[in-house]
Amino acid sequence: MNKSVRVRYAPSPTGYPHVGNIRTALFNWLFARHHGGSFIVRIEDTDVTRKVKGAVKGILDGLRWLGLDWDEGPEVGGKYGPYFQSQRLEIYSELAERLISQGDAYYCYCSPQRLKEMRAEQVKRKQPPGYDRLCRDLTQEERAQKETEGITPVIRFKAPLGGQTRFNDLIRGEVVFDNNTIDDFILLKSDGYPTYHLASVIDDHLMEISHVLRAEEWLSSTPRHLLLYRALGFEPPQFAHLPMLLGSDRSKLSKRHGAVSITEYREQGYLPEAMVNFLALLGWSLDDRTEILSREELIQSFSLERISRTAAIFNRDKLNWMNGVYIRNLTAVQFFEAVQPYLMMNIPAGEALISSENYVRDILPLIQERARTLAEVAELAQFFFIDQLDYESSLLVGKDMSHQSAIQALEAAQQRLSQLEAFDAGSLEGVLRPLAVELGLKTGQLFGTLRVAVTGRTAAPPLFQTMAVLGKERCLRRIEAALARL
RNA sequence: GCCCCCAUCGUCUAGAGGCCUAGGACACCGGCCUUUCAAGCCGGCAACAGCGAUUCGAAUUCGCUUGGGGGUACCA
């Protein structure tokens with residue numbers, strides 16, 4: 001199997017890349033890398049009406065972001081190009097003509113209107129909808145007549161009327177279809193573009209694709225493809241139909257399930273390595289316990305045998321957990337770099353404190369172990385960057401404390417802290433712990449009040465470290481502001 | 001409707017006849033640690049869709065039922 005493995009990711013540029021499509025790309029990529037084969041990207045832009053402008057760029061950026069490099073395809077070329085189907089139209093029409101001359105395909109002049117009505121009628125009569133093969137056996141004269149009427153025909157495949165088509169799916173085992181359930185499907189549309197069926201079969205053959213790993217939604221078109229391979233005299237590749245990715249309600253993943261585009265995950269601050277790890281585990285597993293696998297380990301251990309046959313639901317909670325694991329595993333430098341685009345995200349323009357790089361470097365360790373996404377970092381660190389803290393004043397008065405004792409605590413703290421020379425976590429603790437005792441407060445009460453005064457929240461990184469990073473002046477100013485509220 | 005695929009905790013999954021009173025992870029609930037929150041550690045909750053058959057023995061094999069998904073386009 002080695003050496004000859006050539007797989008492809010063949011998205012159609014009709015929108016932004018969906019996590020389901022990306023998962024398919026990932027499996028193909030892992031398979032190629034595991035076997036030392038080639039990973040090819042081919043753009044299936046054969047539907048002119050659904051084409052979306054920046055889609056190709058979005059797809060390629062998504063792959064790049066996840067580190068899924070391609071050996072042949074857009075931007076990198078390759079000897080089997082072009083890799084855009086819209087640039088290969090002559091190839092498809094030539095082969096479609098060949099099928100006609102062989103008697104395996106025919107021109108069909110039926111109008112979309114007639115097809116639509118016919119189907120409506122079939123559904124009404126509870127018949128399986130399908131083309132009635134009206135044009136399958138047109139005589140030369142009848143065809144000439146249609147041509148003079150100026151109708152541009154489509155080319156349809158002449159599906160066998162009997163027998164069966166079977167194949168061995170690498171994931172699902174043997175699958176059998178009766179040929180009489182296969183329609184005379186269209187190969188070439190009237191606008192001269194091929195349908196997916198024709199184009200993918202031709203290109204997979206011409207590009208010497210060895211394995212087609214695609215989502216399960218393609219399973220029922222596979223017999224048509226096999227019939228085409230046979231008619232064209234091509235040897236078919238091996239097929240493996242991957243389990244689908246479903247939304248939380250078990251229906252096909254779509255926009256109403258929240259984020260579905262890979263770009264959204266990038267924007268929300270998921271790390272590509274976490275995304276790769278998580279996606280790899282959707283439909284594939286190494287064993288009964290391994291959850292965290294590096295890219296190298298994935299490549300090493302990936303195999304078709306361990307792909308499941310069951311559709312999977314995209315579980316956001318688990319992704320969040322995993323992303324947190326990856327964030328915590330970052331070095332300080334890596335985290336600093338990763339967080340740059342997100343840091344000032346929800347801080348109103350003009351309100352941000354002028355902060356040095358060193359200040360940011362001091363803050364980050366306090367945030368790193370608490371964030372599950374990079375976007376969350378901005379939220380968790382916000383109070384470090386703005387002085388106008390917005391909080392409910394009553395939070396300053398902790399559990400079992402009186403208004404008066406809160407004031408007293410803040411004043412005492414203010415007084416002690418202003419006398420403090422070294423404003424590091426150790427010194428702060430050395431002063432504040434005894435102070436609690438002195439005031440007759442539990443440490444939790446004093447620290448709680450101070451925490452709210454200094455951060456504006458009841459949940460924050462450890463108090464002394466936080467105060468040390470904020471610095472003496474800023475802390476005193478915030479305590480002053482808190483007192484003014486009481 | 002018809003065709004195809006699938007079926008283990010809420011979710012992702014391990015399990016390829018006895019190792020299963022079904023394992024791991026996320027989530028959830030307790031506890032420990034602790035100045036709060038996280039993290040970490042310990043513990044708990046929670047599943048073999050149903051019915052038949054094969055077998056000494058079935059989550060694992062077979063059949064049926066049910067349920068879910070996909071396809072059924074001049075979309076991919």
Side-chain angles (χ1 to χ4, degrees), chain A residues 10-14 21 44-47 49-50 108 110-112 115-116 119 122-123 125-131 152-156 169 171-172 175-178 180-183 185-191 193-197 199-200 215-223 241 243-244 246 248 250-252 278 281-292 306 308-322 324-325 328 366-372 380 398 429 432-433 436 442-448 450-452 455 457-464 466:
Chain A
S12 70
T14 54
N21 292 126
E44 311 223 318
D45 51 351
T46 56
D47 187 345
T49 62
R50 292 204 308 155
C108 170
C110 295
S111 68
L115 296 175
K116 197 177 154 197
R119 239 172 257 124
Q122 287 165 332
V123 169
R125 299 203 331 244
K126 303 211 167 182
Q127 301 284 301
Y131 182 54
T152 313
V154 300
I155 294 179
R156 282 184 186 274
D169 186 277
I171 293 172
R172 282 150 220 284
V175 183
V176 185
F177 289 80
D178 284 330
N180 62 25
T181 64
I182 298 171
D183 204 9
F185 57 98
I186 293 174
L187 300 172
L188 207 68
K189 304 181 245 184
S190 56
D191 64 1
Y193 278 75
T195 58
Y196 170 86
H197 307 298
S200 73
E216 197 199 325
E217 56 190 317
W218 295 108
L219 188 62
S220 38
S221 344
T222 305
H241 288 92
M244 302 273 300
L246 270 24
S248 47
R250 293 216 151 270
S251 68
K252 207 171 174 177
F278 178 72
L281 257 20
L282 243 33
W284 177 86
S285 64
L286 174 60
D287 54 29
D288 61 343
R289 54 194 67 253
T290 311
E291 302 285 343
I292 305 296
R306 297 205 58 86
S308 117
R309 285 147 293 135
T310 323
I313 291 174
F314 192 89
N315 181 190
R316 191 63 174 268
D317 279 334
K318 189 157 183 174
L319 205 213
N320 286 338
W321 164 76
M322 193 174 279
V325 171
R328 275 175 252 126
L366 301 179
I367 302 302
Q368 187 169 4
E369 62 178 317
R370 294 175 168 73
R372 292 178 310 173
L380 292 171
E429 183 161 14
L432 295 173
R433 273 195 196 279
K442 289 186 201 152
T443 50
Q445 292 176 312
L446 203 220
F447 298 168
L450 276 173
R451 178 175 300 107
V452 172
T455 69
R457 343 184 146 186
T458 52
L463 184 61
F464 310 131
T466 300

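Side chains are part of it too, since the values below use all heavy atoms of this structure and drop only hydrogens, waters and symmetry mates. A note on names: the letters A, B, ... follow the listed sequences, proteins ahead of strands, and every chain is numbered from 1.
In terms of phosphate contacts, Lys252(A) brings a side-chain nitrogen or oxygen within less than 4.0 Å of OP1 or OP2 of G71(B). Using a 4.0 Å cut-off, some side-chain N or O of Ser285(A) falls inside it from OP1 or OP2 of A14(B). The phosphate of A76(B) (OP1 or OP2) has a side-chain N or O of Thr46(A) nearer than 4.0 angstrom. Close to A73(B), at under 4.0 Å from its OP1 or OP2, lies a side-chain N or O of Arg119(A). Between Arg433(A) and the phosphate of U35(B), there is a side-chain N or O to OP1/OP2 separation shorter than 4.0 Å. Taking 4.0 angstrom as the limit, Lys318(A) places none of its side-chain polar atoms (N or O) nearer than this to OP1 or OP2 of U13(B).
Taking the charged nitrogens against the carboxylate oxygens, Glu291(A) and Lys318(A) do have a contact shorter than 4.0 Å, which makes a salt bridge.
Contact check for Thr222(A) versus His241(A): side-chain heavy atoms found under the 4.5 Å cut-off. Side-chain contact between Ser12(A) and Tyr196(A) is absent, with no heavy-atom pair separated by less than 4.5 Å. Contact check for Leu219(A) versus Arg172(A): side-chain heavy atoms found under the 4.5 Å cut-off.
Listed nucleotides C6(B), A76(B), C3(B) differ in distance to Arg309(A); the shortest reach to its side chain belongs to C6(B). Set against U11(B), A76(B), U72(B), the side chain of Ile313(A) has U11(B) as its closest nucleotide. Of the listed nucleotides (C37(B), G15(B), A73(B)), G15(B) has the atom at the smallest distance from the side chain of Arg306(A). With A38(B), A25(B), U36(B) as the candidates, the nucleotide lying closest to the side chain of Glu369(A) is A38(B).
Judged by Watson-Crick or G-U wobble contacts below 3.5 Å, the nucleotide C51(B) has G63(B) as its partner. Pair check for A22(B) finds none; no Watson-Crick or G-U wobble contact set falls under 3.5 Å. In this entry C37(B) has no Watson-Crick or G-U wobble partner, no candidate having both defining distances under 3.5 Å.
Residue contacts for Pro462(A): at a heavy-atom cut-off of 4.0 Å it reaches a base atom on one of the strands shown.
A distance below 6.0 Å separates the ring centres of Phe278(A) and Phe314(A).
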